[in-house]
2 protein chains.
Amino acid sequence: MAGTTPDISLEACSYSRVLEIVSSKWTALVLYALEGGTIRYGEIQRRIEGISQKMLTQTLKQLERDGLVRRKVVPSVPPIVEYSLTPLGETLIPCMLMLKSWASAHYGAVKAAREEYDRGAY
Amino acid sequence: MAGTTPDISLEACSYSRVLEIVSSKWTALVLYALEGGTIRYGEIQRRIEGISQKMLTQTLKQLERDGLVRRKVVPSVPPIVEYSLTPLGETLIPCMLMLKSWASAHYGAVKAAREEYDRGAY
DNA sequence: CCGGATCCCCATAGATACTG
DNA sequence: CAGTATCTATGGGGATCCGG
């Protein structure tokens with residue numbers, strides 16, 4: 001093929017890889033809940049507004065599969081299941097904090113840009 | 001009061017806000033292409049493997065609406081359209097770089113965790 | 001050269017009900 | 001308490017053709 005060849009791909013790009021891990025709808029919120037330390041299933045659900053059992057379970061399972069979250073079952077009746085960040089999961093926190101501070105600093109500007117843009121659209 | 005009230009919500013959480021901006025499928029790749037400076041539409045498309053015209057246009061429009069990308073039309077025949085990061089867009093780059101370096105350092109561990117997890121699942 | 005418009009598919013997510 | 005199971009549907013994303 002002549003001319004420029006692609007040098008950016010979904011599979012190779014590190015940006016995409018992190019996002020693939022972190023960007024499903026509830027993931028960030030669950031990580032946020034886990035920042036405080038070990039926490040039970042029901043407690044997470046109470047803390048996150050509007051999350052369903054299905055989505056919480058699914059999100060936790062993904063995070064566990066990715067090695068970011070540890071699941072510990074205490075065999076008792078009724079059962080107790082505790083979740084916490086793994087060391088790998090902890091390494092993600094600084095990144096998340098940086099995103100958080102970016103949003104705090106600039107989300108207003110983004111919102112303003114949107115309103116400006118939408119005004120022009122009519 | 002203790003722990004019985006939700007204190008994490010999609011609307012309020014800064015994490016979710018950034019992700020809402022950055023996490024659609026092609027956004028990160030387009031930002032990556034723009035890191036190098038002003039670039040034409042066709043050039044972006046050639047650089048990003050597998051992106052369709054529709055998705056590129058759509059992604060660029062979103063980024064423009066959010067004030068992260070500037071679109072400049074040079075009235076000529078055939079038309080030339082150039083894209084570049086705005087100052088606001090530039091502020092996002094350090095965050096992206098941090099994500100990128102996290103992925104470089106830890107994506108291997110995530111992949112290993114997945115394989116480990118999937119082995120256990122059978 | 002750039003992008004709008006249209007049609008279609010499938011993954012993600014929500015609601016609800018049930019179980020160890 | 002901590003999940004599973006099932007059913008449904010919304011919309012993101014892909015392919016293709018048309019237009020300025």
Side-chain angles (χ1 to χ4, degrees), chain A residues 2-4 6 9-11 13 16 19-30 33-34 38-66 69-84 117 120-122, chain B residues 3-4 6 9-11 13 16 19-30 33-34 38-66 69-84 121:
Chain A
T4 322
S9 84
L10 272 176
E11 279 77 0
C13 181
S16 309
L19 292 175
E20 171 203 335
I21 294 170
V22 169
S23 75
S24 76
K25 183 168 180 184
W26 300 99
T27 312
L29 300 184
V30 170
L34 288 168
T38 300
I39 181 174
R40 296 183 58 175
Y41 180 92
E43 178 82 2
I44 305 177
Q45 195 181 9
R46 275 188 298 276
R47 286 193 60 197
I48 302 180
E49 185 184 304
I51 195 171
S52 68
Q53 286 194 345
K54 176 188 166 185
M55 292 319 297
L56 179 53
T57 300
Q58 188 175 303
T59 303
L60 284 167
K61 222 180 224 168
Q62 270 180 39
L63 289 170
E64 191 195 357
R65 176 169 183 265
D66 289 342
V69 160
R70 176 174 32 237
R71 178 171 184 272
K72 189 184 167 200
V73 181
V74 180
S76 66
V77 181
I80 293 175
V81 185
E82 291 176 335
Y83 291 91
S84 56
Y117 184 94
Y122 289 113
Chain B
T4 59
S9 84
L10 272 177
E11 279 77 0
C13 182
S16 309
L19 293 175
E20 170 203 335
I21 295 170
V22 177
S23 74
S24 77
K25 184 170 182 186
W26 300 99
T27 312
L29 299 185
V30 170
L34 288 168
T38 299
I39 181 175
R40 293 185 59 179
Y41 180 92
E43 179 81 2
I44 305 177
Q45 194 180 9
R46 276 188 298 275
R47 287 193 60 195
I48 302 180
E49 185 183 305
I51 196 170
S52 67
Q53 286 195 348
K54 175 188 164 183
M55 293 317 296
L56 179 53
T57 300
Q58 187 175 303
T59 304
L60 285 167
K61 216 181 226 168
Q62 270 179 39
L63 289 171
E64 192 196 356
R65 176 169 183 263
D66 289 344
V69 160
R70 178 178 27 239
R71 178 173 184 269
K72 188 185 167 198
V73 181
V74 179
S76 66
V77 181
I80 293 174
V81 186
E82 292 176 337
Y83 291 91
S84 56

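Letters A, B, ... mirror the listed sequences (proteins, then strands); counts begin at 1.
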Value in whole Å for how far the P atom of D:dG14 lies from CD1 of B:I48: 12 Å
Salt-bridge contact A:E43-A:R46 (side-chain N to carboxylate O under 4.0 Å): yes
Nearest-Å distance for atom pair NZ/P, residues B:K25 and C:dC10: 14 Å
From A:I44 atom CD1 to A:L60 atom CG, the distance as rounded to the nearest 0.5 Å: 5.0 Å
Approximate separation, where rounding is to 0.5 Å, of B:S24 OG and A:L19 CG: 9.5 Å
C:dG3 OP1/OP2 closer than 4.0 Å to side-chain N/O of B:R71: yes
Interatomic distance where CD belongs to B:Q62 and P belongs to C:dG3 [whole Å]: 15 Å
Nearest-Å distance for atom pair OH/C1', residues B:Y41 and C:dC2: 6 Å
Protein-nucleotide distance (B:Q58, atom CD; C:dA5, atom P), rounded to Å: 12 Å
Short side-chain N/O contact to D:dT4 OP1/OP2 from A:K61, under 4.0 Å: yes
Closest-nucleotide 5' rank along DNA chain C - winner of A:W26 and A:Q53: A:W26
Phosphate-side-chain proximity, A:Y83 and D:dG3, N/O vs OP1/OP2 below 4.0 Å: yes
5' precedence on DNA chain D between A:L10 and A:G42 (nearest-nucleotide basis): A:G42
Whole angstrom value for the distance that separates P of C:dC1 from NZ of B:K54: 22 Å
Along DNA chain C (nearest heavy atom to each residue), the more 5'-positioned of A:P79 and A:S24: A:S24
Nearest-0.5 Å distance that lies between atom CH2 in A:W26 and atom CD1 in A:I51: 5.5 Å
Nearest-0.5 Å distance, CD of residue A:E20 to CG of residue A:L10: 9.5 Å
Spacing of B:M55 atom CE relative to D:dT16 atom C1', expressed in whole Å: 15 Å
Any B:R40 side-chain nitrogen or oxygen under 4.0 Å from OP1 or OP2 of C:dC1: no
A:L60 CG to D:dG3 C1', straight-line distance once rounded to whole Å: 11 Å
